[in-house]
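Before any comments, here is the structure.
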2 protein chains.
Amino acid sequence: MTRANEAWESLMKAYAALTKQFNAEDVWGELTMREYDVLYQLSKCDSPLRMSELNRHVLLSQPALSRMVDRLVERGYLDRRPDPGDRRGVRLSLTPAGRETQRAIGLPHARSVTRALSVLTPEELDQLAAITGKLSQSEE
Amino acid sequence: MTRANEAWESLMKAYAALTKQFNAEDVWGELTMREYDVLYQLSKCDSPLRMSELNRHVLLSQPALSRMVDRLVERGYLDRRPDPGDRRGVRLSLTPAGRETQRAIGLPHARSVTRALSVLTPEELDQLAAITGKLSQSEE
DNA sequence: TAATGACTTATGCGTTTGCATCTATCCTAA
DNA sequence: TTAGGATAGATGCAAACGCATAAGTCATTA
């Protein structure tokens, strides 16, 4: 077992443990965690996002994301309109209700995250962010 | 945005990017990545594992795991038998075919992992393993 | 400008998932 | 010993998923 494999296994284990814990918390309201993730990704952009771009940040297949967006539009959280510059594509953004819902869930969830990671020192948090940042960057 | 939240987001992003990359590689044969994970977890234990114990290591709901085990038993990868000490429970282990399949997939996959994490120095790999280890430990 | 191939999103379809619940067994204490 | 609650795993069912592919648009080149 190489160092790299141990590190990856440990990362997966931490991801699974934390994800399960966050999922079990009673903060998600009318959304699933995956749906919240879509709203969160959109909340970070002020200009509308392309489906394909959003798909890069979400752990879902393209068809699954397409249908999840369907449902979120239907339910009034998302605005989907044709991209004027490229008629193949769409531009996605949060509706006011979507933004509101994202905030309402994001606040308590952010507190859970802070609490769960409070076993790490500030230095360790910085190291973790730096190292994982390096990993996702190398994929592009 | 606190340090903790930045670290968690960066961890999620790295997990998503790497998972997608590994999933796209042509090493999984007749298994999905999730199924492989079950076989891998079992390959690490020499004594049979309880379903509930296995469930702690896998990112699946209890019913979903129960049925996935069903299918893996059906397909000849897993052996499921009643636990003699607790008649509510079952004891899961790999069949020879299951062990063989796990190895056949595990080898090339481990190489992919090594390659993907080769952007990190040995020190960074150790730090990553230590920090994420601390995170999953604090959940127990 | 017409043809070819790449790209973006949507849809058909069979499989898998999660939630709620059920059954069976275990454990504790009256 | 037996009633009540906890725990382990399985099952019914609707919702969501991934794979393969379709439909529409763009970009290149002949």
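Chain letters run A, B, ... following the sequence lines, proteins first and then strands; every chain starts at 1.
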Calculate the interatomic distance between [X] atom [atom1] and [N] atom [atom2]; express it in whole Å.
X	N	atom1	atom2	result
B:Leu92	D:dA8	CG	P	14 Å
A:Leu59	D:dA16	CG	P	17 Å
A:Arg34	C:dG18	CZ	C1'	11 Å
B:Leu60	D:dC17	CG	C1'	13 Å
A:Asp83	D:dG24	CG	P	19 Å
A:Glu35	C:dG18	CD	P	14 Å
B:Leu72	D:dG9	CG	C1'	16 Å

Kindly indicate whether the side chain of A:Leu125, heavy atoms from C-beta on, has any atom under 4.5 Å from the side chain of B:Thr2.
no
Is there a side-chain contact between A:Leu117 and A:Leu18, using heavy atoms and a 4.5 Å cut-off?
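Answer yes - side chains close enough.
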Which pairs count as side-chain hydrogen bond (donor to acceptor under 3.5 Å, both in side chains) when at least one residue sits in residues 72-84 of chain A, sequence neighbours excluded?
A:Glu30-A:Tyr77, A:Glu35-A:Arg75, A:Arg50-A:Asp83, A:Asp70-A:Arg80, A:Asp79-A:Arg81
Going by the side-chain hydrogen bond (donor to acceptor under 3.5 Å, both in side chains) test, which pairs reach into residues 51-65 of chain A, not counting sequence neighbours?
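As it turns out, the side-chain hydrogen bond (donor to acceptor under 3.5 Å, both in side chains) pairs with a partner in residues 51-65 of chain A, which skip direct neighbours, are A:Glu53-A:Arg56.
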Would you classify B:Leu65 as touching base, sugar-phosphate or nothing, given that sugar-phosphate means primed atoms plus P, OP1 and OP2, and contacts are heavy atoms under 4.0 Å?
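Touches nothing.
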Considering non-hydrogen atoms only, spot the tightest contact between A:Ser10 and B:Thr132 and give its length.
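Here A:Ser10 and B:Thr132 meet closest at OG-OG1, 2.7 Å.
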Restricting to non-hydrogen atoms, name the atom on A:Glu124 and the atom on A:Val119 that form the minimum distance, rounded to 0.1 Å.
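Residues A:Glu124 and A:Val119, closest heavy atoms: OE1-O, 4.2 Å.
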Given B:Val38, which partner from the list B:Leu78, B:Leu94, B:Leu92 fulfils the side-chain contact (heavy atoms from CB on, under 4.5 Å) test?
B:Leu78
Is any side-chain N or O of B:Arg87 closer than 4.0 Å to OP1 or OP2 of D:dA8?
no
How does protein reach along nucleotides 7-15 of chain C, written 5' to 3' as B (base within reach of a heavy atom under 4.0 Å), S (only sugar-phosphate), or - (no contact)?
BSBBBBB--
For A:His109, the ring pair (Phe, Tyr, Trp, His ring centres under 6.0 Å) test, sequence neighbours excluded, returns A:Phe22, A:Trp28, A:Tyr36
Of all of residues 39-49 of chain A, which get a heavy atom below 4.0 angstrom from DNA chain C, listed by number?
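Within this stretch, nothing sits under 4.0 Å of the strand.
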When you match A:Gly85 and A:Met68 each to their closest nucleotide on DNA chain D, which lands nearer the 5' end?
A:Met68
Go through the structure and list residues passing side-chain hydrogen bond (donor to acceptor under 3.5 Å, both in side chains) with B:Ser93, not counting sequence neighbours.
none
